[in-house]
Amino acid sequence: MSTEETIPQTLTRRSDFLRAARSRHVARPGFILQARKRTPDEADGVRIGYTCSKKVGNAVRRNRAKRRLRAVARDVLPGCGRDGWDYVLIGRPETTQNQPFDEMVDDLKTALEKIHGNGT
RNA sequence: GCGGGUGGCUGGAUGGCCGCGGGUGGCAACGCCCGAGGAAAGUCCGGACUCCAUGAAGCGACGGUGCCGGGUAACGCCCGGCCGGGGAAACCCGAGGGAAAGCGCCACAGAAAACAGACUACCGCCUUUCGGGGCGGCAAAGGUGAAAAGGUGCGGCAAGAGCGCACCGCGCCGCUGGCAACAGCGGUGGCACGGCAAGCCCCACCGGGAGCAAUGCCAAAUAGGGACCGCGCGGGGCGCAAGCCCCGGGGACGCUUCAGCCCCAGCAGGUCCGGGUUGGCAGCUUGAGCGCGCCGGUAACGGUGCGUCCAGAUGAAUGGUCAUCCAGGGGUGGCAACACCCCGGACAGAAUCCGGCUUACAGGCCACCCGCACAA
RNA sequence: GCGGGUAUGGUGAAAUGGUAUCACACGAGCCUUCCAAGCUCUUGGUGCGGGUUCGAUUCCCGCUACCCGCU
C-alpha cells in the first residue's frame, strides 16, 4: 500500500471503464463506486475515473457532479486507496450535487472498506 | 403617484484554508501572471480559414432572397423612410415584387365560383282548367358562402339598372414634391380588372462542394489485399539513347466557346469493400479585437488619436468548505420603526474564430416617451 | 464539436390543401359445453407554439423529443 502516491492517475480509456464495470460495485446515495484489482502487468499506482451520463442533467450539472466527485476522491483516496486498483465513481441525479460534503466523504470511506473487504 | 410603452445595463461581493488548467522564471524547492457567457445554447443564416473540383465567360438546371434608400467583409442582419393592419396615445405587427405572360385550384352550400349568365322575385304582353304556363325585359331585392361584379343618397323607369348626377372608392393620363418606394392636386373613364404565387410559374438579385473529427507532419501497427467503373493500343520529325517538338485522338460534377494541364499499355484516375491505428505535434488563438476621447452622419455606421493583450482544455481546467456583507422569500413579536429565526442565489459551461438571428433567463438598476390624477 | 433524418390511435403503416384511413391490439356482444379461430360493434390520434389560406397531417417559421453518420 503506497500512500506516498498522492496523485492518482485518471482513467481515459473506454476499455478500462468497461472492465471496472464488470467487477464489483457499491451504491451510495451520492454516487456509485466500481473497483477492480488490476493484473500485475498493467499500470502502477492508484487510478480513478469519473462518469456522469445524461441522466444527471445538462452540461452544467454533469460538470459540477464530476467536480464534487473529484473533490471527495482527493480527500479520501490518498489514505484509503490501494495500489494496483482501478476505481470508477459514477454520478447520480440530484444527490451528487445536493448531498452534504462530509456525508459523501464518509460514504466513500465505508464504500472503499466494503469493496476491499469483499475481495482479496 | 398610478397605469402603459421603448431602449439599455447588471445578473452576487470580499476574505481564510485545501485543490484545478495554461503561460512564464528557476537545476530544484518554489514564486509571478491569466483563467467561461449574454446567451458560451439551438446550429437557422452570413463570412474568414483549409481541402476537393484545371481556370475564365455565357447559357441551362437546382436552391435561396424579395416595398424603397442606406450601412456592412457579407447576410435572410441592422438603420431610416413608405404602404397596410392594431391601439385613445406612446408604440407595436407585416416573406410587403408580379394575378391584363401562361397553367392550375376555389371542397360543402348556392341559380351562378370567374365568364358570363339568371333559381325565387319584379315588370310588360299573351294565355289559363285560376294552381299556373309561355314569350320578352331587368339584375335592385331574397337566400348560400370565406368570397357574388363598386358603396351611399337623389333623380329616372313599365319594372329596374352608372341609365344620369353628387360624394367616396377604383382604373388611366398629366402636373407638383421626393434619389426612390410613394404622396398630394387636377383631369378623365361610367366600372372594365374576385382570391390563392409560404401552388406551378414570371421578373430581379445572390449562390461550386465539404468542413478544424477540415487539413498537414512525425511515430507506431497491419496484408501497400480485393472488387467494380471510366479512359486507353495513333502518325511524323530530331537524337546512339533518355527525351524533346509537330499533327491527330481522348479525359476531367449539365451544355457551348477559349486558354492551360494530363493521358495515348499505364501501375496512373474514380467509387466501394476489407485490414491496421484511437498516440504526439502543428492548425490554436492578435482579431472585420476591446476600452476611452474627438470628428462626420437623423441613425445603422464610418474616420481618427491614445491605451490595452483579454481561456486555449482534449475522460476536457473555476471545485470543496467556512465566515461576513448585498439582494430575495417565509414565520414570530410589535401601532410602527425594528428585532430574532428559517429557507436561499435565474438561465446556463468556451472546444477553429468572427458578424447576426432565434430560444432560455429569479431578481435588480438606469434613461426616455404616452395617458390619468394631484400640487405649485 | 460538425453534419443529416424522423415524429399520425397502445403498436406498425397510409392519406392532391377539403369528413384523418388500414391492420394488429384493447373493450363489449354473437357463436361454442369451455378456449382458440371467425363475425358484429365501440373507444381512442396528426409532438408543441405561431404564420399563410375561407380551410393545414400536408405549405412556411420557431421550439421539443428521439435516431444515425463523421476521428
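Every chain is numbered from 1 and lettered A, B, ... according to where its sequence line falls, protein lines coming before strand lines.
- Checking the phosphate oxygens (OP1, OP2) of B/rG315, no side-chain nitrogen or oxygen of A/Arg70 falls inside 4.0 Å.
- In this structure, B/rG174 and B/rC185 make a Watson-Crick or G-U wobble pair, each of the two defining distances being under 3.5 angstrom.
- A salt bridge does not link A/Lys37 with A/Asp86: none of the charged nitrogens is closer than 4.0 Å to a carboxylate oxygen.
- A sub-4.0 Å separation between OP1 or OP2 of B/rG349 and a side-chain N or O of A/Arg61 is absent.
- Under the Watson-Crick or G-U wobble criterion, with both distances below 3.5 Å, B/rU359 has no partner in any strand shown.
- Base pairing analysis places B/rA139 opposite nothing; no Watson-Crick or G-U wobble pair with both distances below 3.5 Å involves it.
- When each of A/Leu77, A/Val88, A/Leu11 is tested with A/Ile48 by the rule side-chain contact (heavy atoms from CB on, under 4.5 Å), just one qualifies, namely A/Leu77.
- As rounded to whole Å, 12 Å separates atom C1' of B/rU321 from atom CZ of A/Arg64.
- Nucleotide B/rU278 is matched to nothing when pairs are restricted to Watson-Crick or G-U wobble geometry with both distances under 3.5 angstrom.
- In a base pair of the Watson-Crick type (N1 to N3 plus N6-O4 or O6-N4) or a G-U wobble (N1-O2 and O6-N3), with each distance short of 3.5 Å, C/rG49 is matched with C/rC61.
- The 5' end of RNA chain B is approached more closely, in terms of each residue's nearest nucleotide, by A/Lys66 than by the other of A/Lys66 and A/Ala59.
- Of the side-chain N and O atoms in A/Asn63, none sit less than 4.0 angstrom from OP1 or OP2 of B/rA316.
- The interatomic distance linking A/Asp75 (CG) with B/rU321 (P) rounds to 10 Å, in whole Å.
- Taking the P atom of each, B/rC354 and B/rG287 are spaced 11 Å apart, rounded to whole Å.
- In this structure, B/rU308 and B/rG289 make a Watson-Crick or G-U wobble pair, each of the two defining distances being under 3.5 angstrom.
- Taking atom C1' in both B/rU54 and B/rC253, one finds a spacing of 13 Å when rounded to whole Å.
- Within the shown strands, nothing qualifies as a pairing partner of B/rA241 under the Watson-Crick or G-U definition with both distances less than 3.5 Å.
- For the pairing with A/Leu69, the side-chain contact (heavy atoms from CB on, under 4.5 Å) check across A/Leu33, A/Leu89, A/Thr51 returns one residue only, A/Leu89.
- Pair assignment for C/rU43 gives none, since no Watson-Crick or G-U wobble pairing has each distance under 3.5 Å.
- Look at A/Phe17 and the base of B/rG315; the rings stack, centres closer than 5.5 Å and planes less than 30° apart.
- When the C1' atom is used for both B/rA74 and B/rG47, the distance is 6 Å, rounded to whole Å.
- Here, B/rC310 and B/rU285 have their P atoms 13 Å apart, quoted to the whole Å.
- The phosphate of B/rG349 (OP1 or OP2) has no side-chain N or O of A/Arg62 nearer than 4.0 angstrom.
- Atom CZ in A/Phe101 sits roughly 13 Å away from atom P in B/rG319 (whole-Å rounding).
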